K.L.:
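Here it is, the structure in full.
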Amino acid sequence: MSGGRWVEVTVKVAPEWTELVAAALHALGAGGTVILGRTAEEETTAAWATPPDEEPSGVRAYFPADDLLGERLDLLRARLAEARAEVDLPPVEIGLRPVEAAAWEEAWKAYYRPVRIGRVAVVPSWLAWQPEGEEVTIRLDPGLAFGTGTHPTTQQSLLLLQEALRPGDRVLDLGTGSGILAIAAAALGAGTVLGRDLDPVAVEVARANVAANGFEGRVRIEEGDLLAGLEEDFDLVLANLTAGLHLELLPCLPRRLAPGGRAVLAGIIAGRREEVMAAAEATGFETVKEIGAGEWVALLLKTDR
Ligand code: SAH
């Protein structure tokens with residue numbers, strides 16, 4: 001990130017609401033969020049170190065100070081008002097502070113720590129790192145696209161990827177965001193990887209991250225809507241999306257999977273688990289494994305062919 005002005009948005013909420021607020025900020029395009037104070041689930045991979053001074057709990061995100069800012073904040077307020085009605089979220093305080101891009105980067109650096117998910121360590125580029133044993137290191141800095149390894153759905157995807165991947169696999173990563181899953185797949189031994197995203201900013205960010213990890217030879221990133229226009233076959237499809245998108249994706253998925261193909265579907269909100277599983281079964285998939293952490297469920301599927 002270079003140049004320009006940003007706005008630091010801080011939403012003060014009790015620890016049990018930080019995930020909901022972080023999701024709302026992500027949905028508005030925040031590339032990552034900083035959880036302030038204690039988190040509700042300290043035991044989940046402590047990606048954000050708890051800051052030394054006891055600060056009030058909440059969530060912080062950064063947005064460019066551009067024409068969209070007003071609209072983003074209105075949408076945020078609307079989403080939080082909805083949550084108040086739906087799940088009794090107490091009134092929250094939203095603080096705004098203009099920051100320079102340089103300060104924004106420094107703010108990230110104070111909070112962003114390496115995170116280990118199974119054999120994969122996601123490490124910011126500015127830290128020296130000595131991998132342990134079988135560990136695979138990928139370098140990723142917080143940026144404008146979703147996927148720094150700290151979100152539970154990304155972590156679930158990374159765990160199932162490690163379970164499902166076979167050496168040399170042709171992997172498709174739908175909704176690649178920062179490219180984190182595509183890069184991890186390459187680092188873990190995939191033959192070739194195609195990452196796709198609807199968002200041109202994500203495509204740009206993912207390409208830069210692929211290059212920074214030295215995988216341009218094996219990982220290609222393109223703009224695209226789910227499977228639209230794809231004609232090649234894949235051994236493993238990764239999709240950290242939403243339940244609604246999985247339902248759209250599932251009927252078309254078998255056509256793009258080679259015999260013995262597998263799929264990781266993540267980002268399924270717990271309440272829609274049965275619906276997605278039923279759709280998967282109706283399309284001829286078998287659920288090989290399911291992992292869940294509170295709000296989110298992820299499935300590893302296998303074709304019956
Ligand atoms: N794979 C990353 C990012 C997941 S966020 C991770 O696991 O952390 C989901 C991503 O899907 C976003 O980058 C969003 O832009 C993208 N997306 C949403 N709808 C899409 C669609 N119809 N086709 C392709 N990508 C889509």
Side-chain angles (χ1 to χ4, degrees), residues 19 22-33 44-45 47 61 68 112 115 117-118 120-122 124 138-165 171-188 190 193-210 213 215 219-230 234 236-253 256 263-269 291 293 295-300:
E19 199 181 313
L25 288 162
H26 271 303
L28 296 177
T33 47
T44 64
T45 345
L68 289 174
Y112 192 48
V115 44
I117 303 111
V120 176
V122 186
I138 69 177
R139 294 290 184 165
L140 217 56
D141 293 340
L144 274 182
F146 188 106
T148 51
T150 60
H151 197 268
T153 63
T154 308
Q155 299 189 347
Q156 293 175 342
S157 305
L158 284 167
L159 286 173
L160 290 180
L161 162 66
Q162 290 168 64
E163 201 135 316
L165 186 76
V171 176
L172 173 63
D173 176 22
L174 292 175
T176 197
S178 65
I180 184 169
L181 302 180
I183 294 166
L188 289 163
V193 186
L194 173 62
R196 290 194 125 196
D197 207 291
L198 208 51
D199 175 3
V201 176
V203 170
E204 201 180 307
V205 171
R207 280 188 184 142
N209 286 332
V210 167
N213 282 275
F215 287 128
V219 182
R220 198 155 51 87
I221 305 286
E222 65 179 29
E223 197 175 324
D225 185 357
L226 300 181
L227 301 171
L230 280 183
F234 299 90
L236 176 61
V237 174
L238 308 170
N240 182 9
L241 298 164
T242 59
L245 285 169
H246 292 319
L247 295 181
E248 200 178 308
L249 170 68
L250 273 165
C252 318
L253 200 49
R256 293 279 67 84
V264 171
L265 305 189
I268 304 166
I269 198 95
I291 50 179
E295 203 182 343
W296 301 104
V297 174
L299 304 175
L300 171 56

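Order of listing sets the numbers, starting from 1, for every ligand and every atom in it. Atom set for the values below is all heavy atoms of this structure, side chains included, hydrogens, waters and symmetry mates excluded. From a predicted model like this one, the values you see are computed outputs, not experimental measurements.
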K.L.:
Evaluate the side-chain proximity of L158 to I180: yes if any heavy-atom separation is below 4.5 Å, no if none is.
P.N.:
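Answer yes - side chains close enough.
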
K.L.:
Please determine if S157 has a nitrogen or oxygen closer than 3.5 Å to a nitrogen or oxygen of ligand 1.
P.N.:
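No: no nitrogen or oxygen of S157 is under 3.5 Å from one in ligand 1.
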
K.L.:
Without swapping roles, check the side chain of N213 against the backbone of F215 for a donor-acceptor pair under 3.5 Å.
P.N.:
no

K.L.:
Would you indicate whether the side-chain heavy atoms of L230 and E222 approach each other to under 4.5 Å?
P.N.:
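The answer is yes, as the side chains (C-beta and beyond) meet within the 4.5 Å cut-off.
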
K.L.:
Answer side chain, backbone, both or neither: which part of T153 comes under 4.0 Å from ligand 1, heavy atoms only.
P.N.:
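It is neither; nothing of T153 touches ligand 1.
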
K.L.:
List every atom of ligand 1 that sits less than 4.0 Å from any heavy atom of D199, numbering the atoms from 1 in the order shown and giving each element.
P.N.:
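Reading through ligand 1 atom by atom, the close ones are 15 (O).
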
K.L.:
Would G224 count as a contact of ligand 1 if the rule is a heavy atom under 4.0 Å away?
P.N.:
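Yes.
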
K.L.:
Atoms of ligand 1 less than 4.0 Å from G177 heavy atoms?
P.N.:
3 (C), 13 (O)

K.L.:
I need the contact type for L241 against ligand 1. Using non-hydrogen atoms and a strict under-4.0 Å cut-off, is it side chain, backbone, both or neither?
P.N.:
side chain

K.L.:
According to the salt bridge (charged side-chain N to carboxylate O under 4.0 Å, His left out) rule, which pairs have a member within residues 146-165, sequence neighbours left out?
P.N.:
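Non-adjacent pairs meeting salt bridge (charged side-chain N to carboxylate O under 4.0 Å, His left out): E163-K289.
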
K.L.:
Could you tell me which atoms of ligand 1, counted from 1 in the order shown, lie closer than 4.0 angstrom to a heavy atom of I180?
P.N.:
6 (C), 8 (O)

K.L.:
Ignoring hydrogens and angles, tell me if any N or O in the side chain of R256 forms a donor-acceptor pair with the backbone of L227 under 3.5 Å.
P.N.:
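Here the side-chain-to-backbone pair does not exist.
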
K.L.:
More than 12 heavy atoms of other residues, nucleotides or ligands under 6.0 Å from CD of Q162: is that the case?
P.N.:
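Enclosed: over 12 neighbouring heavy atoms sit under 6.0 Å from CD of Q162.
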
K.L.:
Side chains of D173 and N240, heavy atoms from C-beta outward: is any pair under 4.5 Å?
P.N.:
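The answer is no, as the side chains (C-beta and beyond) never meet within the 4.5 Å cut-off.
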
K.L.:
Relative to atom 1 (N) of ligand 1, which among G195, A202, G175, G149 owns the nearest non-hydrogen atom?
P.N.:
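Of the listed residues, G175 has the closest heavy atom.
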
K.L.:
Would a distance-only check, ignoring hydrogens and angles, find a side-chain to backbone donor-acceptor pair under 3.5 Å from R196 to T176?
P.N.:
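No; zero donor-acceptor contacts below 3.5 Å.
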
K.L.:
Given T242, L249, L245, identify the one with the heavy atom nearest to atom 18 (C) of ligand 1.
P.N.:
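Comparing heavy atoms across T242, L249, L245, the nearest one to atom 18 (C) of ligand 1 lies in L245.
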
K.L.:
Identify which of D173, T176, T154, L161 has a heavy atom lying nearest to atom 2 (C) of ligand 1.
P.N.:
T176

K.L.:
Can an N or O of N240 be found at a distance shorter than 3.5 Å from an N or O of ligand 1?
P.N.:
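Looking only at distances, the answer is yes, because the N/O contact criterion of under 3.5 Å is met.
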
K.L.:
Any side-chain heavy atom of I268 sitting closer than 4.5 Å to one from W296?
P.N.:
no

K.L.:
Just heavy atoms, cut-off under 4.0 Å: does L226 contact ligand 1 by side chain, backbone, both, or neither?
P.N.:
both

K.L.:
Pull out every atom of ligand 1 sitting under 4.0 Å from any heavy atom of D225, numbered as shown with elements.
P.N.:
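What qualifies from ligand 1 is 21 (C), 22 (N), 23 (N).
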
